[in-house]
Amino acid sequence: DGGITQSPKYLFRKEGQNVTLSCEQNLNHDAMYWYRQDPGQGLRLIYYSQIVNDFQKGDIAEGYSVSREKKESFPLTVTSAQKNPTAFYLCASSASSGTSGRLLAKNIQYFGAGTRLSVL
Amino acid sequence: EDKVVQSPLSLVVHEGDTVTLNCSYEVTNFRSLLWYKQEKKAPTFLFMLTSSGIEKKSGRLSSILDKKELFSILNITATQTGDSAVYLCAVSSNTGKLIFGQGTTLQVKP
């Protein structure tokens with residue numbers, strides 16, 4: 001089945017520790033995204049990647065890092081510099097991030113099931 | 001600054017009721033507006049709207065966009081308990097990124 005797989009479902013971080021959240025897709029999508037969801041705040045963009053070996057900061061990138069070495073994988077590391085990491089993290093992908101008329105349908109983002117990160 | 005605002009933030013109805021969820025936006029270089037349904041975990045795609053006045057429909061759900069007044073509505077008729085979820089509105093601009101609203105939490109009681 002095609003889709004986006006996030007792991008683990010639940011993750012606990014100790015103070016000062018870096019943790020890595022996995023996101024894998026087999027949809028052959030070019031673009032991938034990481035969001036953070038806090039209660040009452042909707043989804044906020046952390047990082048995104050439009051193509052392999054390239055990524056850009058989103059609105060709340062501080063304390064996070066990513067890599068995009070393979071098309072199907074976009075792992076997110078929550079570093080010790082992120083002082084308030086407790087949240088629900090969602091990964092998404094889209095066929096394209098293009099914005100011209102005929103590419104808009106490929107701009108639809110599809111989401112994984114999320115990872116809930118808590119601090120011990 | 002680009003922003004998307006949804007209202008109401010939460011709503012409780014009974015089965016069979018009709019609900020209307022609102023999404024207003026101020027986004028430079030608007031490209032499309034998307035609705036998602038989130039039940040516990042992964043948001044699932046409902047509609048993408050790009051043109052004013054054209055209704056998108058899927059079963060009991062329908063949505064329409066007004067690009068002049070900068071808003072969209074999502075209608076759900078004959079609600080069922082399975083419609084209980086958070087409904088997310090997002091707008092894309094020429095950057096290709098999505099800007100999300102806070103979401104509307106809908107609870108449908110039997």
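The structure places CG of L43(A) at 12.5 Å from CD1 of I99(B), a figure rounded to the nearest 0.5 Å. Put simply, CD on Q50(A) and NZ on K97(B) are 9.5 Å apart, with the number rounded to the nearest 0.5 Å. Separation of atoms CG (L45(A)) and CG (L98(B)) is listed at 8.5 Å; rounding is to 0.5 Å.
Residues that satisfy the side chain to side chain donor-acceptor pair (under 3.5 Å) test with R44(A), not counting sequence neighbours, are D38(A). Residues passing the ring-ring contact (aromatic ring centres under 6.0 Å, His included) test with Y35(A) are F111(A), F100(B), sequence neighbours excluded.
Annotation for K3(B): atom NZ does not count as buried by contact number, only 12 or fewer foreign heavy atoms lying within 6.0 Å. Residue Q17(A) qualifies as enclosed at atom CD: its count of foreign heavy atoms under 6.0 Å is above 12.
Residues of residues 82-91 of chain A placed with any heavy atom under 4.5 Å of a heavy atom in chain B are listed by number as F88(A), L90(A). Scanning residues 33-45 of chain B against chain A with a 4.5 Å non-hydrogen threshold yields L34(B), Y36(B), Q38(B), K40(B), K41(B), A42(B), P43(B), F45(B), sorted by number.
Tracing side-chain contacts under 4.5 Å through hydrophobic residues (I, L, V, M, F, W, Y), one never reaches Y110(A) starting from M32(A); they form parts of separate clusters. I73(B) and Y87(B) sit in two unconnected hydrophobic clusters of ILVMFWY residues. Membership requires side-chain heavy atoms under 4.5 Å apart, directly or through other members. The hydrophobic clustering, which links ILVMFWY residues whose side-chain heavy atoms are closer than 4.5 Å, places Y33(A) and L27(A) together. V4(B) and L46(B) fall within the same hydrophobic cluster, where Ile, Leu, Val, Met, Phe, Trp and Tyr residues are linked whenever their side-chain heavy atoms come under 4.5 Å apart, directly or through other members. A chain of hydrophobic side-chain contacts below 4.5 Å, direct or via other Ile, Leu, Val, Met, Phe, Trp or Tyr residues, connects L76(A) to L117(A).
If you tally non-hydrogen atom pairs under 4.5 Å between each of Q6(A), R116(A), Q37(A), K9(A) and chain B, the highest count goes to Q37(A).
Proximity to chain B (any heavy atom under 4.5 Å) is shown, for Q56(A), by neither the backbone nor the side chain.
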